[in-house]
Amino acid sequence: MTIDFEVVTSELQFPEGPVAMQDGSVLVVEIERGSLSRVLANGSIEVVALLGGGPNGAAMGPDGHCYVSNNGGFEWVHARGRTYPGVQANDYTTGRIERVNLDTGEFETLYESCNGQPLRGPNDIVFDRTGGFWFTDHGKTRMRERDRTGVFYAQPDGSSIEEVIFPLEAPNGVGLSPEEDVLYVAETPTARLWAYPLQSPGKLLGERLDRPDGGRVVPGRNAYCMYDSLAVDANGNVCVATLMNGGITVLSPQGDTPKFIPMPDRLTTNICFGGADLRTAYITLSSTGQLVRLDWECAGLPLNFLNN
């Protein structure tokens, strides 16, 4: 299957967390560079802020600032012209949530812990319509051990953070259904997409007896793959960036047969939607440092405080 796409740039240092802005530029985090950067329509790159650590996900907040989930950093592996994240960085301190002023590049740390438990590897982030945000903590891997982590809900003014779901196996992508009554969380090593009914912002419904948190698994593909970050389209389908068997897996909450759009990078890590009608998909091909764009079969779901 051949997919037509356009390479916006191939000069990024392990890009992730794309945010398609109204002016046609795309914000990305460059995990290896430790930056929040802006990719202009002509492919040129401007560094907005050098955050250090490992900025991993980004989302626009209600105050017009960009909120970044920072995993604290990796050791990096370079092989055969590609870049791969390794174990926890030697200079790792802690994971954190940061707020970046896009006009000045100034940034501040909002959260480094929850109830005394340090954040380990914050990964993906999404705002609901009330202005609160969900984020995943993917954890960090060391040579013979890795962290147990979960999913958090926090306020953008730094006043409140709660670990709502624990434990999960390396939670990564996070998103909300169009009605914001379901939270989606992708686990990386298991290639599971969990769906959690919500009773109110930041609160799980938790009806099922077999899982007290109410989670159910959205049927996936019969293939060796891992899940990374995600975006939801206007039809409510969940578009999950897929590792190893690189591409985008489109999963239906109703259980329809999954679709798969292959991409030429085993580390296809994220997708967002932009353009006037939100029918342009921007995808990060991280091991090759690329941001690509292509026409999508339907519009993306408008994001709070960005498209709405």
Side-chain angles (χ1 to χ4, degrees), residues 1-19 26-39 43-47 50-58 68-92 121-124 138-143 146 170 172-173 186-191 221 223-231 239-249 260-272 281-294:
M1 181 179 181
T2 302
I3 302 297
D4 293 327
F5 61 85
E6 178 185 359
V7 177
V8 182
T9 181
S10 57
E11 301 298 323
L12 295 164
Q13 297 180 36
F14 210 90
E16 242 266 46
V19 180
V26 181
L27 293 177
V28 296
V29 292
E30 295 185 78
I31 304 180
E32 186 179 21
R33 192 201 296 261
S35 70
L36 175 68
S37 302
R38 185 189 299 271
V39 180
S44 61
I45 302 166
E46 299 176 351
V47 173
L50 283 171
L51 304 173
N56 210 141
V68 175
S69 47
N70 194 315
N71 68 44
F74 297 117
E75 292 298 302
W76 294 93
V77 177
H78 300 277
R80 298 181 296 279
R82 298 187 177 228
T83 300
Y84 302 93
V87 297
Q88 176 178 302
N90 289 329
D91 59 355
Y92 170 85
N123 189 287
D124 202 7
H138 185 71
K140 304 300 287 186
T141 299
R142 293 162 293 280
M143 192 59 67
R146 69 160 287 112
N172 195 316
E187 288 182 330
T188 297
T190 65
R221 296 168 55 219
Y224 171 57
C225 61
M226 298 181 184
Y227 286 165
D228 206 291
S229 297
L230 61 84
C239 306
V240 188
T242 304
L243 310 176
M244 310 313 291
N245 182 3
I248 303 296
T249 300
F260 182 67
I261 295 86
M263 300 301 294
D265 192 324
R266 297 181 73 194
L267 299 190
T268 299
T269 57
N270 210 335
I271 179 174
C272 75
Y282 292 90
I283 298 173
T284 49
L285 308 183
S286 294
S287 79
T288 51
Q290 298 183 87
L291 175 69
V292 304
R293 62 185 166 217
L294 65 156

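Numbers here are sequence positions counted from 1.
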Report the distance from atom [atom1] of [X] to atom [atom2] of [Y], rounding to the nearest 0.5 Å.
X    : Y    : atom1 : atom2 : result
L285 : T269 : CG    : OG1   : 7.5 Å
M226 : N245 : CE    : CG    : 11.5 Å
L243 : Y224 : CG    : OH    : 9.0 Å
I261 : T249 : CD1   : OG1   : 7.5 Å
I31  : N71  : CD1   : CG    : 6.0 Å
M263 : I248 : CE    : CD1   : 7.0 Å

Task: Residues in salt bridge (charged side-chain N to carboxylate O under 4.0 Å, His left out) contact with R38, at least two apart in sequence or another chain - done: D23
Open item on the list: If the condition is salt bridge (charged side-chain N to carboxylate O under 4.0 Å, His left out), which residues does R80 pass it with, not counting sequence neighbours?
Closed with: none
Locate the shortest heavy-atom distance separating [X] from [Y]; write the atom from each residue and the value.
X    : Y    : result
P85  : F74  : CB-CD1, 3.6 Å
R33  : L50  : O-CD2, 4.1 Å
G73  : K140 : O-NZ, 2.7 Å
T242 : C225 : CG2-CB, 3.5 Å
L230 : V240 : CB-CA, 4.1 Å
D124 : S69  : N-OG, 3.7 Å

Which residues pass the side chain to side chain contact (heavy atoms under 4.5 Å, CB included) test with [X], sequence neighbours left out?
X    : result
V87  : E75
A281 : I271, F273, L294, W296
S10  : V7, Q290

- [ ] Assess whether side-chain contact (heavy atoms from CB on, under 4.5 Å) is satisfied between V8 and V26, documenting all intermediate values.
- [x] CA-CA 10 Å; V8 182; V26 181; over 6 Å; no
Taking [X] for its side chain and [Y] for its backbone only, find out whether a donor-acceptor pair lies under 3.5 Å.
X    : Y    : value
D265 : T288 : yes
T188 : Y227 : yes
D228 : T268 : no

- [ ] Taking atom CZ of R293 as the centre, report whether more than 12 heavy atoms of other residues, nucleotides or ligands fall under 6.0 Å from it.
- [x] yes
Task: Working for side-chain contact (heavy atoms from CB on, under 4.5 Å), residues R82 and L267 - done: CA-CA 10 Å; R82 298 187 177 228; L267 299 190; over 6 Å; no
Table please: side-chain donor-acceptor pairs of residues 11-18 below 3.5 Å, with sequence neighbours left out.
residue, atom, partner, partner atom, Å
E16, OE1, N270, ND2, 2.7
E16, OE2, N56, ND2, 3.4
E16, OE2, S229, OG, 3.3

Open item on the list: Is the shortest side-chain heavy-atom distance between I45 and S37 below 4.5 Å?
Closed with: yes
